Amino acid sequence: MTKSFRTLDDASVSGKRVLLRVDLNVPMEHGKVTDATRIERVLHTIREISKKGGKVILLAHFGRPKGGPDEANSLRPVAAAVAEHLQQPVAFAADCIGEVAAKAIAAMKDGDVLLLENTRFHKGEEKNDPAFVDELARLGDLYVNDAFSAAHRAHASTEGIAHKLPAFAGRAMQAELEALGKALESPKRPLVAIVGGAKISSKLDLLGNLVAKVDALVIGGGMANTFLNAQGLPVGKSLCEKDLAETARAIMAKAQETRCAILLPVDAMVAFHFAANAPSHDYGVDAIPDGGMMLDIGQLSVDRIKASINEAATVVWNGPLGAFELAGFEHGTYQLARHVAERTKAGKLVSVAGGGDTVAALNGAGVAHDFTYVSTAGGAFLEWMEGKALPGVEALRR
Ligand code: AMP
């Protein structure tokens, strides 16, 4: 899979000005980074280029500035955080193009690291404006992209520039592409997908693509209710998109054509209040009481899904199977997360998961580190799971 992409193995960086696109869109409070996961992910690539004698020029966006510089969205405090994690000085330039950037780069020695100000301070970034792309490209000899999480956007610093300079995948990007390739492009079968979350309306493309690719599709969470309702089952006051019953039936019909087994819950934990620790009972899905809400899958469903995971060689997962943020309704998601983790540790399973809520759920279950790969890229991971080409990734193909 990665053989189809240019990586750092193909690049000669010594003495070169290397424009390295990273994702430094980290959460901040009062000028301090509160979660450094994204910084940690790109340290390998920064160190490797620096050790090989390249000049590392970091390109990144931050927040959603309204087309001009503003203090609140400056990357300046992030430079200090990167330096701290890297244990190496990181210089900062107050603009990502023009005189200011050029001067800062001219002052660099081989192996130095410099962070350029927020690319989104220029309108040309999100417009992928050729003039802005040229301004960026002028600053470097080659381009390395280590920001998979920004690769679903065709912006100047994620896509445009890759057509102007020799372009390569950084190590974090490479790891992500390798893991995702193993999960959906050339997976060991049987391949089981687990999809949960609130609504099917936000995941129609996802379900459509998975039904065509996987051997079994496990559906849980609020979206399962829409499928149950489409089969004529009572859903009480559960979250349910009744207007999408026809769509849900079409997905099931397609699954039959592609010989993809669909596993819906057979029982659910039902409560009468959407609240933590609300009293709840396990009901069969043919007997959901009128005012009740299905807030988690039931134990029978958990056991059926575990059995399906036992048959699988590969599992890909997006979305919690219940309202896991509410104490009392996390058990279905957590039990399955732990089961996937155990099978993975035992060498029986390749497991890939991604998406914001999913990562939070795996962390809650304490098993995020036991999966083969966990992608922290929200939008990009979903678009990849939907089978869409990511512009920033496509631009790195050989
Ligand atoms: P998504 O962003 O589509 O992955 O949805 C995640 C959200 O779905 C989480 O906040 C869950 O609490 C919610 N969710 C999952 N299952 C249910 C359910 N059965 N009823 C209501 N909300 C749910």
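Each ligand, and each atom within it, is numbered from 1 in the order the structure gives. Values in this document were obtained by computation on a predicted structure and should not be read as measured data.
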List in chain and number order the residues that pass salt bridge (charged side-chain N to carboxylate O under 4.0 Å, His left out) with [X], two or more places apart in sequence or in another chain; answer none if no residue qualifies.
X	result
Lys213	none
Lys164	Asp134
Arg171	Asp9, Glu48

Sub-4.0 Å heavy-atom environment of ligand 1, residues by chain: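 Residues near ligand 1: Gly197, Ala198, Lys203, Gly221, Gly222, Leu239, Phe274, Met294, Leu295, Pro320, Gly322, Ala323, Glu325, Asp357.
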No-hydrogen, no-angle side-chain donor-acceptor test under 3.5 Å, Asp282 and Gln299: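 Their side chains do not contain a donor-acceptor pair, so the 3.5 Å distance test is not met.
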Separation between NE2 of His331 and CZ of Phe329, rounded to the nearest 0.5 Å: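 Taking NE2 in His331 and CZ in Phe329, the distance rounds to 8.5 Å.
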Any His339 side-chain heavy atom under 4.5 Å of Asn310 side chain: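 Yes, close enough: below the 4.5 Å cut-off.
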